[in-house]
*Asks:* 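Let me begin by handing over the structure; questions about it come next.
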Protein chains: 2
Amino acid sequence: MATKENPGEILHKYGLKVTATRIRVLDVLINSPVALSHSDIIGLIDDPMIDKVTVYRTLNAFTTQGLTHKVANEDRNWLYALYFHNSNQPATSDDHAHFICRQCERIYCMPITSMNPKPDVREIGGFVITSHEHRIHGVCPECH
Amino acid sequence: MATKENPGEILHKYGLKVTATRIRVLDVLINSPVALSHSDIIGLIDDPMIDKVTVYRTLNAFTTQGLTHKVANEDRNWLYALYFHNSNQPATSDDHAHFICRQCERIYCMPITSMNPKPDVREIGGFVITSHEHRIHGVCPECH
DNA sequence: AACACTAATGCAACAAAGTTGCAATGTCGG
DNA sequence: CCGACATTGCAACTTTGTTGCATTAGTGTT
C-alpha cells in the first residue's frame, strides 16, 4: 500500500515539490484513519510557526494533484483524506462512500461494499444520473 | 397536497406565528421546484426592506418546526426546501435523495425510487448504519 | 556545487456566510 | 383591547477560507 512509501516519495510521485510543510501535512494525513479538517491538521502539527494559509494552499495542491480528496462535514467545513487509504488502488470520488459517525462526527472514507449500492437506473423522469455520493450515518467502531 | 393551503394556514399548522416576512419566505419556497439558498430567497423576494437576519432566523425556525429541511450545496451553503414537496406524506432527511444538476447546480429533493437504493446491510466491520443520504449528480430535465 | 527558473511561503488584508445581543415592534390568546 | 412573549431590525462579530505580493526555497541543468 502506498503508505509504505515515505512522504517525500509520495509528494514527488504526485508532482508536488517537497517542502517541510507539505511533508508534515502529508504525515498527519497518512496517520489518520479519518478525514481531517484544516484546523484538525493545524492542531495535530501543533507548531505555532506553521502558517494557516500555507496549509490551506497545501491542501488545495494535494487535492488538485489527486493525492487527497475533500468532503464537507455536517458543519460544512472541508475535510481532507488521502485517496489511497482503505484500498489498494487509487479511488475516485465516485467509487467510495463516506461514513459519518453521529457520536464523534468523524468521517471515514469507505471502500465500495454492499453498504454502498449504486443506483440501478441511469435515468428517471428526465433526470440523467452520472455519479452518486453516498453519505452513510451511524456509529463507528470506536464509539460503541 | 399541502401546497393547496395558503401560507398563513401552513405556518399556523407548524406552530409558527404568522408574520409578513414568514409568509413571503414560505411563498417563495412553495413556488420553487428546487432547494433555495438564503441569497436565492432574498433575490426572489426582491425588496430592499427585507432584513437578511430575519430571513436567516425564519429559515431556522421553519427547519426547527419541521416545515423545511436544509441541505448543503456544492459550495457548502445551506439550501432550504419544503418537506412536503414531491410527496404526499411528510418526508424525513432519511428517506429521500438529493439530485444535484452539474450544469445549473440546482438541487432537487427526490422521492425514494430505484435511483436511490438503501444500503442492504445494517452493520459492516463494526460500523453500524442508522441512515443514509444519497447525493445524486447528473443533468436535470431543464438542462438538456 | 552553483545557477536560474519557477513554485511555494508568510504576512496582511479581504470576502462571504452565518450568528449574537439587544432594544423596539408585532402577534395572538384571553 | 391588553398583556405576555415571540419576532424583528440593526450593528457588531465569528469562522472559514481566499487573494495579492514581496520574499524564500526547491529542482533540473550545467
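The basis for the numbers below is simple: all heavy atoms, side chains too, and nothing from hydrogens, waters or symmetry mates. Residue numbers start from 1 in every chain, and the chains themselves are labelled A, B, ... in the order their sequence lines are given, proteins ahead of strands.
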*Asks:* OP1 or OP2 of dG10(C) sitting under 4.0 Å from any side-chain N/O of T54(A)?
*Replies:* yes
*Asks:* Think T19(A) has a side-chain N or O under 4.0 angstrom from the OP1 or OP2 of dT9(C)?
*Replies:*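 Answer is yes, contact under 4.0 Å.
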*Asks:* I want to confirm an ordering. Mapping S37(B) and V18(B) to their closest nucleotides on DNA chain C, which one lands closer to the 5' end?
*Replies:*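 In this pair, the answer is S37(B).
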*Asks:* Could you state the atom-to-atom distance from OH of Y80(B) to P of dA17(C) in whole Å?
*Replies:* 12 Å
*Asks:* Measuring to OP1 and OP2 of dA17(C), would you say a side-chain N or O of R76(B) lies under 4.0 angstrom away?
*Replies:* no
*Asks:* Distance check needed: dG17(D) C1' versus K52(A) NZ, whole Å only.
*Replies:* 7 Å
*Asks:* Measure from NZ on K17(B) to C1' on dT27(C) and round the result to the nearest Å.
*Replies:*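 Atom NZ in K17(B) sits about 5 Å away from atom C1' in dT27(C).
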*Asks:* Between V55(B) and I50(B), does the side-chain contact (heavy atoms from CB on, under 4.5 Å) criterion hold? Intermediate values first, please.
*Replies:* CA-CA 8 Å; V55(B) 174; I50(B) 209 88; 4.1 Å; yes
*Asks:* Tell me what N60(B) touches on the nucleic acid: a base, only sugar-phosphate, or nothing, going by heavy atoms under 4.0 Å.
*Replies:* sugar-phosphate
*Asks:* Start at the 5' end of DNA chain D and walk down; is the nucleotide closest to I50(B) or to H38(A) reached first?
*Replies:*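 Counting from the 5' end, the first nearest nucleotide belongs to I50(B).
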*Asks:* Is there a donor and acceptor pair closer than 3.5 Å between the side chain of R57(A) and the base of dG17(D)?
*Replies:* no
*Asks:* Taking CG from N73(B) and C1' from dA16(C), how many angstroms apart are they, rounded to a whole number?
*Replies:* 13 Å
*Asks:* Rounded to whole angstrom units, what separation is found between the CG atom of D51(B) and the P atom of dT19(C)?
*Replies:* 14 Å
*Asks:* For V139(A) and C101(A), which heavy atoms make the closest approach, and how far apart are they?
*Replies:* CA-SG, 4.0 Å
*Asks:* From CH2 of W78(A) over to P of dA16(C), roughly how many Å is that when rounded to an integer?
*Replies:*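 It works out to 18 Å between those atoms.
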*Asks:* Using whole Å, report how far CG of L11(B) lies from C1' of dG26(C).
*Replies:*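 About 15 Å, once rounded to whole Å.
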*Asks:* Just the rounded figure in Å: distance from P of dA17(C) to CD1 of I42(B).
*Replies:*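 Interatomic distance, CD1 of I42(B) to P of dA17(C): 11 Å.
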*Asks:* Scan N77(B) against the nucleic acid and name what it touches under 4.0 Å (heavy atoms): base, sugar-phosphate only, or nothing.
*Replies:*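 Counting heavy atoms under 4.0 Å across all strands, the contact made by N77(B) is with sugar-phosphate only.
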*Asks:* Are any non-hydrogen side-chain atoms of L11(A) and K17(A) less than 4.5 angstrom apart?
*Replies:*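 Side chain of L11(A) against side chain of K17(A), heavy atoms only: no contact under 4.5 Å found.
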*Asks:* Would you please classify the geometry between the F99(A) ring and the F127(B) ring as parallel, tilted or perpendicular, with 30° and 60° separating the classes?
*Replies:*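 The rings of F127(B) and F99(A) stand perpendicular, inter-plane angle above 60°.
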*Asks:* Does the side chain of E74(B) reach to within under 4.5 Å of the side chain of H137(B), using non-hydrogen atoms?
*Replies:* yes
*Asks:* For dG17(D), does either OP1 or OP2 sit under 4.0 Å from a side-chain N or O belonging to Y56(A)?
*Replies:* yes
